[in-house]
K.L.:
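Questions regarding the structure given below will be posed in turn.
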Number of protein chains: 2
Amino acid sequence: MAARTYGQYDGVSTAIELIGERWALLIVRDLLVGPRRYTDLKAGLPKIPTNILAARLKELQAGGVVRRAPIAKCGLVYQLTPYGAALEPIVLALGRWGFAALDERTDDEELTADGLTMALRSAFRPEEAAELPATDYEVRVGAVAVRVRVAEGRLRSWQLAPPAPPVGGALPAEAADLVISGGAGLRRLLSGDIRPAEAVADGALALESGDPALLERFATVFRIDPVR
Amino acid sequence: MAARTYGQYDGVSTAIELIGERWALLIVRDLLVGPRRYTDLKAGLPKIPTNILAARLKELQAGGVVRRAPIAKCGLVYQLTPYGAALEPIVLALGRWGFAALDERTDDEELTADGLTMALRSAFRPEEAAELPATDYEVRVGAVAVRVRVAEGRLRSWQLAPPAPPVGGALPAEAADLVISGGAGLRRLLSGDIRPAEAVADGALALESGDPALLERFATVFRIDPVR
DNA sequence: CCGGATCCGAATCGATACTG
DNA sequence: CAGTATCGATTCGGATCCGG
């Protein structure tokens with residue numbers, strides 16, 4: 001295990017020895033959304049071999065990034081330690097950087113609930129949201145659906161499909177103010193590549209319910225600017 | 001090459017498909033210091049197999065992260081594209097995160113000039129430096145020596161040993177205001193684990209030349225706070 | 001020396017099957 | 001649910017070699 005080391009003494013090398021192995025950062029990404037059970041992780045990372053998942057979880061625990069905790073009633077969850085949770089701004093920034101290289105989705109690529117949740121988090125702009133009234137959005141892409149609430153410059157999220165335990169408190173009972181769905185259009189909207197009205201006219205984005213004017217607000221609060 | 005994909009459609013997955021392969025981010029780290037030739041990279045990454053270096057450089061070029069450019073008089077260099085250069089804040093943050101997990105240096109780990117340069121960059125605090133008079137520091141750790149100038153809230157760096165082409169303009173002719181050397185002491189100083197005076201008293205850090213009072217200033221301008 | 005390409009054994013990864 | 005075990009396919013690492 002120490003045989004495959006980089007042999008360098010510095011922060012970057014140490015960091016990628018902790019979280020640079022294949023699949024490791026995607027496990028961290030999912031755990032940033034909330035604690036997850038072994039089976040949840042496996043479902044959220046459909047292409048990970050089960051032995052690799054087991055191996056990574058052990059390494060991440062040994063590195064102090066992840067902790068294994070028994071949960072109230074039967075079962076156990078993996079969760080980030082405070083040290084692991086400190087990766088959040090890095091993973092979000094990496095998500096923004098990689099977002100710029102995204103092209104059209106192909107059939108063998110899928111978007112998971114945790115992937116969408118983190119994408120929305122990485123696109124969230126607190127400064128823009130600070131003065132706006134509290135608003136609930138529901139975003140659907142294929143089979144996944146995420147509910148986000150923007151209030152007081154902060155973002156909270158819940159996963160509706162597949163359902164995951166609420167991480168931002170109890171899921172609000174009432175319907176979202178705006179419900180949108182669509183894959184390709186969402187990416188182009190977040191990148192500022194297309195205006196909200198165009199996205200809807202195109203059919204790239206569908207307005208399921210809610211005031212169409214709220215889509216402008218959504219596009220203001222959630223955006224990932226192209227890298228330079 | 002597309003066989004080993006994560007099969008997910010999101011920014012984080014895309015990012016680590018571009019720069020998540022073994023050694024890739026260390027190549028980026030070195031290129032963030034300045035353009036490097038194949039042999040420079042090999043020297044700065046002593047343990048990288050040459051075929052892996054060649055393979056990574058090709059992948060990074062294919063991904064639009066690195067560009068290969070012929071240099072003025074014979075030879076060619078690799079340099080980051082603007083898209084690759086946008087990784088700087090991420091690599092610096094990762095360096096700070098990993099720094100927290102650094103323990104004592106072992107004999108098989110070495111600190112390279114580019115590693116030290118990036119460590120100092122990641123530790124630099126512009127806010128603290130904004131109001132301070134321009135100051136030059138020279139930092140020596142083992143066989144590597146780096147010269148940094150803090151002026152007007154900005155940081156510039158040059159590599160003295162092993163010498164690399166100046167990336168922040170011409171190397172100042174005059175001697176640095178403060179010259180310090182020492183390995184273990186530097187890490188503990190940057191982490192705030194030890195006070196400047198103690199570090200010198202310990203012998204963990206040596207003051208080669210300059211006003212000892214400047215060491216306090218150094219410790220203020222360069223610091224990596226423990227993660228939470 | 002620079003900028004790689006080639007070859008080969010060792011370690012890791014990926015897919016599937018299996019178990020407490 | 002939470003993983004191990006097994007095994008073939010890849011990749012990595014180390015060394016050598018080669019054209020300019």
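Just so it is clear, the values below take in all heavy atoms, side chains as well, and ignore hydrogens, waters and symmetry mates. Here the structure is a predicted model, which is why all the values come from computation and not from measurement. First the proteins, then the strands, lettered A, B, ... as listed; each starts at 1.
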K.L.:
Using whole Å, report how far CD1 of I27(A) lies from C1' of dC13(C).
P.N.:
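The distance from CD1 of I27(A) to C1' of dC13(C) comes to 14 Å, rounded to the nearest Å.
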
K.L.:
To the nearest Å, give me how far apart CD1 (I52(B)) and P (dT6(C)) are.
P.N.:
14 Å

K.L.:
So, is R37(B) close to the dC1(C) phosphate, meaning a side-chain N or O under 4.0 Å from OP1 or OP2?
P.N.:
no

K.L.:
Which listed nucleotide (dA5(C), dC13(C), dG3(D)) is nearest to the side chain of T50(B)?
P.N.:
dA5(C)

K.L.:
With respect to the phosphate group of dG14(C), does any side-chain polar atom (N or O) of R22(A) fall under 4.0 Å of OP1 or OP2?
P.N.:
yes

K.L.:
Distance check: side-chain N/O of R4(A) vs OP1/OP2 of dG14(D), anything under 4.0 Å?
P.N.:
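Result: no.
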
K.L.:
Ignoring backbone atoms, establish whether K42(B) has a side-chain N or O less than 4.0 Å from OP1 or OP2 of dC1(C).
P.N.:
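Result: no.
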
K.L.:
How close or far is atom C1' of dC2(C) from atom CG of D40(B), stated in whole angstroms?
P.N.:
10 Å

K.L.:
With sugar-phosphate meaning primed atoms plus P, OP1 and OP2, does L76(B) contact a base, only sugar-phosphate, or nothing at under 4.0 Å between heavy atoms?
P.N.:
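Counting heavy atoms under 4.0 Å across all strands, the contact made by L76(B) is with sugar-phosphate only.
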
K.L.:
Taking the minimum atom-to-atom distance to the side chain of N51(B), which one of dG13(D), dA5(C), dA5(D) wins?
P.N.:
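Looking only at heavy atoms from C-beta outward on N51(B), the closest nucleotide is dG13(D).
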
K.L.:
Does dC12(D) have its OP1 or OP2 closer than 4.0 Å to a side-chain nitrogen or oxygen of R56(B)?
P.N.:
yes

K.L.:
Take atom CD of E17(A) and atom C1' of dT12(C), then tell me their distance rounded to the nearest Å.
P.N.:
16 Å

K.L.:
In sequence, state the C-alpha distance, the side-chain angles, and the governing distance for R29(B) and Q8(A), and then conclude on side-chain hydrogen bond (donor to acceptor under 3.5 Å, both in side chains).
P.N.:
CA-CA 12 Å; R29(B) 179 201 64 181; Q8(A) 299 218 359; 2.9 Å; yes

K.L.:
Starting at atom CG of L45(B), determine the distance to atom C1' of dG4(C), rounded to an integer number of angstrom.
P.N.:
16 Å

K.L.:
Among dG3(C), dA5(D), dG13(D), which nucleotide has an atom closest to any side-chain atom of T39(B)?
P.N.:
dG3(C)

K.L.:
Specify the separation, in whole Å, of atom CG of L53(B) and atom C1' of dT11(D).
P.N.:
16 Å

K.L.:
Determine: side-chain N/O of K58(B) to OP1/OP2 of dA5(C), distance under 4.0 Å, yes or no.
P.N.:
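For K58(B), the contact criterion (side-chain N or O under 4.0 Å from OP1 or OP2 of dA5(C)) is met.
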
K.L.:
Atom CD1 of I71(A) to atom C1' of dA2(D): distance rounded to whole Å?
P.N.:
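Rounded to whole Å, this separation is 15 Å.
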
K.L.:
Do L116(B) and Y9(A) pass the side chain to side chain contact (heavy atoms under 4.5 Å, CB included) test, and can you show the C-alpha distance, the side-chain angles, and the key distance before you say yes or no?
P.N.:
CA-CA 9 Å; L116(B) 176 58; Y9(A) 184 72; over 6 Å; no

K.L.:
Please determine, for the side chain of Y38(B), which listed nucleotide (dA5(C), dG3(C), dT4(D)) has the closest atom?
P.N.:
dG3(C)

K.L.:
Under a 4.0 Å threshold between the charged nitrogen and the carboxylate oxygen, would R4(B) count as salt-bridged to E17(B)?
P.N.:
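No salt bridge links E17(B) with R4(B).
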
K.L.:
What is the distance from CG of L57(B) to C1' of dC2(C), rounded to the nearest Å?
P.N.:
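It is 14 Å, rounded to the nearest whole Å.
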
K.L.:
Tell me whether the OP1 or OP2 atom of dG13(D) has a side-chain N or O from W23(B) closer than 4.0 Å.
P.N.:
yes

K.L.:
Evaluate the criterion side-chain hydrogen bond (donor to acceptor under 3.5 Å, both in side chains) for residue pair E109(A) and T106(A); output intermediate values, then yes/no.
P.N.:
CA-CA 6 Å; E109(A) 292 172 321; T106(A) 62; 3.3 Å; yes

K.L.:
Within the structure, does a side-chain N or O atom of Y78(B) lie under 4.0 Å from either OP1 or OP2 of dG4(C)?
P.N.:
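So the side chain of Y78(B) is within the cut-off, an N or O lying under 4.0 Å from OP1 or OP2 of dG4(C).
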
K.L.:
Could you work out which one of dC12(D), dA15(C), dT4(D) sits closest to the side chain of P49(A)?
P.N.:
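Among dC12(D), dA15(C), dT4(D), the one nearest the side chain of P49(A) is dA15(C).
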
K.L.:
Which listed nucleotide (dA5(C), dC13(C), dG3(D)) is nearest to the side chain of A54(A)?
P.N.:
dG3(D)

K.L.:
Does one side chain, of D114(A) or T117(A), offer a donor that lies under 3.5 Å from an acceptor on the other?
P.N.:
no

K.L.:
Just checking, R22(B) and Y6(A): is the charged tip under 6.0 Å from the six-membered ring centre and within 45° of the axis?
P.N.:
yes

